[in-house]
Amino acid sequence: MDEFAKVIFDGKTFNLPIVTGSEGEKAIDIRMLRQKTGLITYDPGFGSTGSCKSAVTFMDGEKGILRYRGISIEQLAKHSTFVETAYLLINGELPTYSELNKIRVQLNDYSLVHEDMQVFFQNFPRFSNPMGILSTMVNALRSFYPVLDDVEESINSTMLRLLSKVRTLAAMSYKISRGHKVVYPRQDCTYCANFLNMMFDTPVRPYILDEDVVKALNLFWILHADHEQNCSTSAVRVVGSGKVNLYAAISAGICALWGPLHGGANQAVIEMLSDIHKDGGDIDNVVARAKDRNDSFRLMGFGHRVYKTYDPRAIIMKKACDKILSKMKINDPLLDIALKLEEVALKDPYFIDHNLYPNIDFYSGIVLRTIGIPTNMFTVMFAIGRLPGWITQWKESIDDPDWRISRPRQLYTGLKEKKYISIEDRK
Ligand code: SDX
């Protein structure tokens with residue numbers, strides 16, 4: 001039976017259809033609202049606005065559920081690899097052996113970047129932010145690898161090309177920023193192992209791959225692979241709606257992820273924990289500041305627009321901290337501070353009343369520190385992990401028959417019409 005929402009306005013009643021998702025969530029289809037009623041909706045931050053229909057990722061913020069193409073994040077974290085998860089997101093199903101081997105060969109074949117791209121890196125100021133470099137270099141890929149936007153095969157190879165080269169670009173920016181020789185991808189390394197080797201191998205100290213470190217990186221990137229219509233994914237969709245090439249849309253997503261309220265939070269968490277450590281572990285002061293409405297300080301790694309309970313990824317990441325720290329025989333004081341901070345916050349009425357729980361960024365930085373990633377590259381690591389999700393959501397949007405160029409309306413609150421005054425008459 002068709003369901004409707006009634007809008008009663010200006011003495012008239014308008015029926016707007018209710019659409020229902022495959023998990024039972026419901027939405028008012030307002031596409032005809034303005035045409036029927038002259039009204040628009042007002043929803044800064046889009047907290048109550050669905051921008052699209054999507055079959056990629058399902059989240060239930062109240063129950064703390066996250067599934068990629070129907071498979072729970074817990075199952076994928078336990079059984080999958082990042083490449084397999086990327087395949088699942090992009091293609092909608094888990095790969096067979098032959099499909100997995102095929103994508104592995106393609107990712108290997110695409111792992112080099114044009115030698116001329118190294119010149120770009122040489123000319124960034126030494127302390128340039130790696131996220132700014134990454135968004136620039138991803139955009140620059142378009143110049144080296146033109147995309148035939150309307151040829152399916154070209155789009156598919158472009159998606160894999162980007163998925164492979166993003167590692168190489170990230171590792172190159174790190175090596176060159178340190179004045180080190182660039183390490184090339186190896187044919188005998190898996191996706192994650194190759195990245196670690198490109199980051200940490202040197203001519204005088206060969207990098208020894210540790211399978212637990214490779215597993216930790218696989219897990220880190222699986223947990224970040226997609227998250228429905230978050231800020232950066234929405235940026236990819238909005239920019240992509242203008243029919244730009246994939247590289248430009250992804251470059252926009254990287255920029256959107258950069259901020260401390262979004263992907264930049266993992267770096268901000270470590271900086272916050274380090275400050276607490278330096279200040280002698282004064283957790284109560286940090287919690288008090290986070291609760292003070294007159295203080296702009298936020299408890300980084302806490303809170304979420306959708307999760308109003310524990311972020312399921314944070315639960316998995318927290319366990320990964322213990323595992324990788326004990327394997328590397330590292331006792332990281334920041335983990336102890338994080339655990340104490342979580343314990344204090346989760347008992348505090350402010351955090352309870354505001355439904356503020358740890359999100360993925362609260363523990364992820366500790367895993368990255370342990371495997372040797374520099375803090376200023378934490379958000380780059382988030383971007384590499386999120387790339388399969390951005391690619392999938394972009395592809396879904398350009399294939400969506402309902403998709404149109406994104407062009408929201410506004411509620412104008414400026415001045416009414418007034419006359420132009422020539423400069424001689426201005427006071
Ligand atoms: C990611 O969307 C996604 O899916 C994102 C992500 C993904 O995978 O793509 O999950 C990745 O970005 C995780 C979030 C990382 N950011 C942080 O950890 C930064 C700290 N968190 C907050 O800034 C905040 O919680 C956000 C940005 C995550 C969510 O912001 P909202 O939904 O806009 O919530 P809000 O700012 O309107 O806050 C609601 C209330 C406010 O208090 P009141 O004015 O109503 O009294 O909660 C308070 C806020 O002050 N609040 C916090 C807080 N987060 C919210 N107070 C203290 N510390 C915090 N962290």
Side-chain angles (χ1 to χ4, degrees), residues 43-51 54 56-62 64-68 73 77 85 89 131 220-237 253-273 276 283 285-317 338 341-342 344-346 348-366 378-379 381-390 392-393:
D43 184 19
F46 309 122
S48 298
T49 296
S51 63
S54 178
V56 180
T57 290
F58 173 69
M59 289 170 66
D60 181 319
E62 282 65 37
I65 293 172
L66 174 60
R67 299 186 200 128
Y68 298 159
I73 194 67
T85 297
L89 284 166
M131 282 296 275
F220 181 91
W221 278 340
I222 287 169
L223 294 178
H224 284 83
D226 193 51
H227 218 231
E228 57 136 278
Q229 306 312 315
N230 58 83
C231 175
S232 51
T233 299
S234 298
V236 169
R237 280 179 170 261
I254 294 169
C255 292
L257 187 73
W258 192 341
L261 295 189
H262 192 12
N266 56 17
Q267 177 175 340
V269 167
I270 289 298
E271 289 162 354
M272 174 184 75
L273 296 175
I276 295 170
I283 283 172
N285 171 49
V286 165
V287 170
R289 284 193 61 200
K291 292 158 61 175
D292 181 355
R293 294 178 67 101
N294 300 315
D295 190 333
S296 61
F297 174 77
R298 288 276 176 101
L299 198 58
M300 300 317 278
F302 258 72
H304 200 275
R305 174 63 60 78
V306 174
Y307 290 126
K308 298 311 168 191
T309 182
Y310 223 109
D311 180 337
R313 304 167 299 176
I315 296 171
I316 299 167
M317 195 69 84
L341 188 50
E342 176 193 337
V344 170
L346 294 187
D348 186 293
Y350 173 88
F351 291 86
I352 295 168
D353 297 345
H354 283 87
N355 291 313
L356 301 176
Y357 292 83
N359 59 52
I360 187 163
D361 296 304
F362 193 63
Y363 288 104
S364 62
I366 292 169
F378 281 13
T379 310
M381 298 299 285
F382 191 142
I384 297 172
R386 184 52 52 87
L387 187 56
W390 284 336
T392 304
Q393 300 271 353

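All ligand and atom numbering here is 1-based and tracks the order in the structure.
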Should L341 and L273 count as side-chain neighbours, where that means a heavy-atom distance under 4.5 Å?
-> yes

In terms of the angle between their ring planes, are Y357 and Y310 parallel, tilted or perpendicular, with boundaries placed at 30° and 60°?
-> tilted

For atom 10 (O) of ligand 1, the protein heavy atom that lies nearest, with its residue and separation = H304 NE2, 2.6 Å

Geometric N/O contact G301 with ligand 1, under 3.5 angstrom = yes

Looking at atom 26 (C) of ligand 1, would you say a protein heavy atom lies below 4.0 Å from it?
-> no

Close approach of R313 to ligand 1, heavy atoms, under 4.0 angstrom | yes

So with a 6.0 Å cut-off around CZ of F297, is the heavy-atom count from everything else above 12?
-> yes

If you count the atoms of ligand 1 from 1 in the order shown, which ones are under 4.0 Å from a heavy atom of A265?
-> 15 (C), 16 (N), 17 (C), 18 (O)

Heavy-atom side-chain proximity of V236 to Q393 below 4.5 angstrom | no

G303: numbered ligand 1 atoms lying under 4.0 Å from its heavy atoms | 25 (O), 28 (C)

Side chain N230, main chain E228, donor-acceptor under 3.5 Å = yes

Short N or O distance, M59 and ligand 1, threshold 3.5 Å exclusive | no

Would you verify that at least one protein heavy atom lies under 4.0 Å from atom 16 (N) of ligand 1, or report that none does?
-> yes

Under 4.0 angstrom from ligand 1, any heavy atom of Q229?
-> no

Under-4.0 Å heavy-atom contact between protein and atom 39 (C) of ligand 1 = no

Minimum side-chain heavy-atom gap W221-I384 below 4.5 Å | yes

Just jot down the ligand 1 atoms closer than 4.0 angstrom to any heavy atom of R305, in number order.
-> 29 (C), 31 (P), 32 (O), 33 (O)

May I ask whether I360 has any heavy atom positioned less than 4.0 angstrom from an atom of ligand 1?
-> no

Does atom 54 (N) of ligand 1 have any protein heavy atom closer than 4.0 Å?
-> yes

Under 4.0 angstrom from atom 46 (O) of ligand 1, is there any protein heavy atom?
-> yes

Got an N/O contact under 3.5 Å between R386 and ligand 1?
-> yes

Answer yes or no for L261: is there a heavy-atom contact with ligand 1 below 4.0 Å?
-> yes

Evaluate the side-chain proximity of F378 to V269: yes if any heavy-atom separation is below 4.5 Å, no if none is.
-> no

T379 and N266: side chain donor to acceptor below 3.5 Å | yes

Does any N/O atom on H262 come nearer than 3.5 Å to any N/O atom on ligand 1?
-> yes

Y350 to ligand 1, any heavy atom closer than 4.0 Å | yes

Do M300 and P260 have side chains that get closer than 4.5 Å, going by heavy atoms?
-> yes

Would you say ligand 1 has an N or O under 3.5 Å from any N or O of L356?
-> no

Would you find a donor on one side and an acceptor on the other, under 3.5 Å apart, between the side chain of D43 and the backbone of G47?
-> yes

Under 4.0 Å from one or more heavy atoms of A290, ligand 1 contributes atoms 56 (N), 57 (C)

Sub-4.5 Å side-chain heavy-atom contact between M59 and H304 = yes

Which residue and non-hydrogen atom of the protein lie closest to atom 4 (O) of ligand 1, and at what distance in Å?
-> H227 ND1, 2.6 Å

In the protein, which heavy atom is nearest to atom 21 (N) of ligand 1, and how far is it?
-> F302 O, 2.9 Å

Give yes if a backbone or side-chain nitrogen or oxygen of R298 is under 3.5 Å from a nitrogen or oxygen of ligand 1, and no if not.
-> yes

Short side-chain to backbone donor-acceptor contact, R305 and G45, under 3.5 Å | yes

Side-chain contact test, heavy atoms from C-beta onward, threshold under 4.5 Å: evaluate it for T392 versus Y68 and give yes or no.
-> no

List every atom of ligand 1 that sits less than 4.0 Å from any heavy atom of R293, numbering the atoms from 1 in the order shown and giving each element.
-> 43 (P), 44 (O), 46 (O)

Taking atom 58 (N) of ligand 1 as the reference point, the nearest protein heavy atom with its distance = L299 N, 3.1 Å

Indicate the ring-plane relationship of F302 and F351, choosing parallel, tilted or perpendicular according to the 30° and 60° boundaries.
-> perpendicular

Does some side-chain heavy atom of L223 sit less than 4.5 Å from a side-chain heavy atom of I316?
-> yes

Closest approach of any protein heavy atom to atom 13 (C) of ligand 1, naming residue and atom | D361 OD2, 3.4 Å

